[in-house]
Amino acid sequence: MTAAENPGDAVRGRPTLGRRGFLMAGGLVAVSTVGLPVVAGWRGESSTGTTLRSRVPLPEPFTRPLVIPPRLSPVRRDADADHYAISQQVVRAELIPGHRTTLWAYGNSVPGPTIVAESGRRVVVTHTNRLPVPTAVHLHGGVTPPEHDGYPTDLILPEGWQSHADHHGTTSVGTRTYEYPTRQRAATLWYHDHRMDFTAPAVWRGLAGFHLVTDAEERSLGLPRDARDIPLAIMDRAFDADGELLYPSVDPTLTHTPGVTDSYEAGVLGDVILVNGLPWPVHQVETALYRLRILNASNARRYRLRFDVDGRDAGLPIVQIGSDHGLLPASLQHDHLELAPAERFDVLVDFRSLAVGSRVTLVNDLADGGTGRVMRFDVTRAVTDDSSVPATLSSTFEQLREADATTVRRMVFRSQSIGDRHGWTINGEPFDVGTALASVRLGATEIWELTSDLHHPVHIHLAPFQVLTRGTKAPRPFDHGWKDTIDLRPAEVARILVRFDGYRGRYVFHCHNLEHEDMMMMANFDVV
């Protein structure tokens, strides 16, 4: 094992357009490394961010039924691919009773329609942009060729868009087709907007959806299916007095100046919890085993989730069967789950011990205000369910070995002054489309040491990884399996094993606190 000579193996680029669209002399800007700027919103064990308070009277929790995102049907199938079409458009929906909220949607729903893909079978998705701003679609967790990965400057421009800057990417007008080879294990993936500088407000407005991959191994396990296999996208939002979404954009049109107002630079936290697009919903369940695919689709909020049974001291146990990139080798039991933004947990929850009439509240212990409750499950029907959790989940699970790593790279995520403004950087540098912080060999396994100042959920495109250590200790209880996002905590060093399989080309890694990402905490790496 050899260590890279320079942290991140950084490469200086030509003069280029910087993260916020300003020309930077020599491709660089001056970065102050003296001290750490005081940042509002460091919540320590909870979330890094500042809560945006709603101005409209909020509804009572557990009064509206959970909505399951619709499953998208292919527009056609051929010998080796399923073809889909999605329209990105403005819709209006009643999220707060008596008010209509303007949303940006994939199709007609938030979250968007769910794509279900078969491992090894190509998926082709044509997106049409009918929104007033450019977009880019990233399949989060997808092992995807670079031209289809949703690089932040590879934009779909609206018809008639008058650009204010050189995008330095491969743009199309009106539509763009993304091809996903799906050469990966069964897993719960998701797709969302990834436009440079404006990802956070676009996702806040609704641009997110599930993309599920299945395979023969998963189907052989007899896991809960159909109505007992439920995707849950948890997202916090805030609402204005008229029921419209609140978000502190510097430029509410999202056309010129990126970023949020100063008080929210650490991250935007809402005071309303939406699950599958509705505030604090309720779902009727049977006395049966259920599979829940839980996605943290919030911009900055972390969650500590429990299943609290009314009238009982102990909650329902949570059996984890999968992580970001698919099945674990064997199940793990937890009494709670901790999720950073973009993380997914595939879990089984057993309602068979409960009587009809029981109520189970999904509780968030990292709460402020009404964010302590997420949703409720009401047991309404007794059935016979003889299903069980298999002793072995994945016989094909591969455990990476530290001895196989050829390089160690160090990536430091921190808040810094960048010229006369505040920003979020990796190895002291703001994002620059012309610079790569690492050049990695296709097929290589590397160790990346990730260092943080505050909470930074770090996401690596293309390459899933496994967690080696947290500081001097073993991985945390929620670090098991193949991951694509790690919940990096304040003043922490985590070591991960990354294997760069897939494709050659340029990809990004970044903080998935979306306000941090928009404020420069992203970097390129090249697979060669």
Side-chain angles (χ1 to χ4, degrees), residues 80-84 114-125 127 136-152 154 170 176-192 194 208-218 293 295 322-329 342-344 346 394 396-400 404-405 436 438-446 448 457-467 480-486 496-510 512 522-528:
D80 68 343
D82 296 331
H83 298 256
Y84 297 87
T114 299
I115 292 175
V116 180
E118 176 70 25
S119 177
R121 183 169 172 81
R122 195 162 55 98
V123 169
V124 180
V125 187
H127 281 264
V137 182
H138 171 51
L139 177 57
H140 186 120
V143 180
T144 304
E147 64 270 24
H148 299 291
D149 189 55
Y151 188 82
D154 289 349
T170 304
R176 187 182 187 104
T177 297
Y178 296 87
E179 298 187 10
Y180 306 123
T182 323
R183 295 174 186 151
Q184 57 189 109
R185 305 166 68 232
T188 299
L189 313 182
W190 64 303
Y191 61 101
H192 60 80
H194 208 255
F210 284 98
H211 184 117
L212 310 181
V213 179
T214 187
D215 62 16
E217 180 180 58
E218 179 189 56
R293 303 170 185 259
L295 159 68
S323 57
D324 297 338
H325 267 253
L327 293 171
L328 304 176
E343 285 190 294
R344 286 93 65 210
D346 198 343
S394 177
T396 63
F397 185 92
E398 181 183 3
Q399 188 69 48
L400 295 181
D404 292 335
S439 179
V440 304
R441 182 172 53 83
L442 181 66
T445 298
E446 298 191 350
W448 283 25
V458 176
H459 170 49
I460 303 177
H461 286 219
L462 177 70
F465 55 82
Q466 294 173 8
V467 181
H480 295 282
W482 285 99
K483 303 278 293 171
D484 59 47
T485 306
I486 181 172
I496 61 174
L497 271 170
V498 194
R499 187 168 66 195
F500 294 92
D501 284 342
Y503 306 91
R504 293 180 174 87
R506 174 157 288 188
Y507 294 88
V508 294
F509 65 100
H510 57 85
H512 222 284
M522 182 157 59
N524 292 311
F525 66 93
D526 292 330
V527 182
V528 299

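Please read these numbers as outputs of a predicted model, since none were measured by experiment.
Considering Asp404, Val440, Ile496 as possible partners of Glu446, the one that fulfils the side chain to side chain contact (heavy atoms under 4.5 Å, CB included) test is Val440. If you run side chain to side chain donor-acceptor pair (under 3.5 Å) between His461 and each of Asp149, Thr144, Asp484, only Asp149 comes through.
Nearest heavy-atom pair across Ser394 and Glu217 is OG-OE1, 3.1 Å. Counting all heavy atoms, side chain and backbone alike, Arg185 lies closest to Leu327 at NH2-O, 2.8 Å.
Between the side chain of Ser323 and the main chain of Trp482, a donor-acceptor pair closer than 3.5 Å is present. Looking only at distances, no side-chain donor or acceptor of Glu218 sits under 3.5 Å from a matching main-chain atom of Ala186. At least one donor-acceptor pair closer than 3.5 Å links the side chain of Gln466 to the backbone N or O of Glu398.
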Audit row: Arg344, Leu189, side chain to side chain contact (heavy atoms under 4.5 Å, CB included) steps and yes/no: CA-CA 8 Å; Arg344 286 93 65 210; Leu189 313 182; 3.9 Å; yes

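The shortest distance between side-chain heavy atoms of Thr182 and Arg121 does not fall below 4.5 Å.
Side-chain atoms of Thr170 and Glu147 form no donor-acceptor pair, as typed in the model, at a separation below 3.5 Å.
Qualifying ring pair (Phe, Tyr, Trp, His ring centres under 6.0 Å) partners for His211, counting only residues two or more places apart in sequence or in other chains: Tyr180. The ring pair (Phe, Tyr, Trp, His ring centres under 6.0 Å) test applied to Phe500 returns Trp448, Phe525, not counting sequence neighbours. Taking His148 as the reference, nothing meets the ring pair (Phe, Tyr, Trp, His ring centres under 6.0 Å) condition, with sequence neighbours excluded.
Using bins of under 30°, 30° to 60° and over 60° for the plane-to-plane angle, the ring pair His459/His512 lands in the perpendicular bin. Between His192 and His140, the two ring planes are tilted [angle within 30° to 60°].
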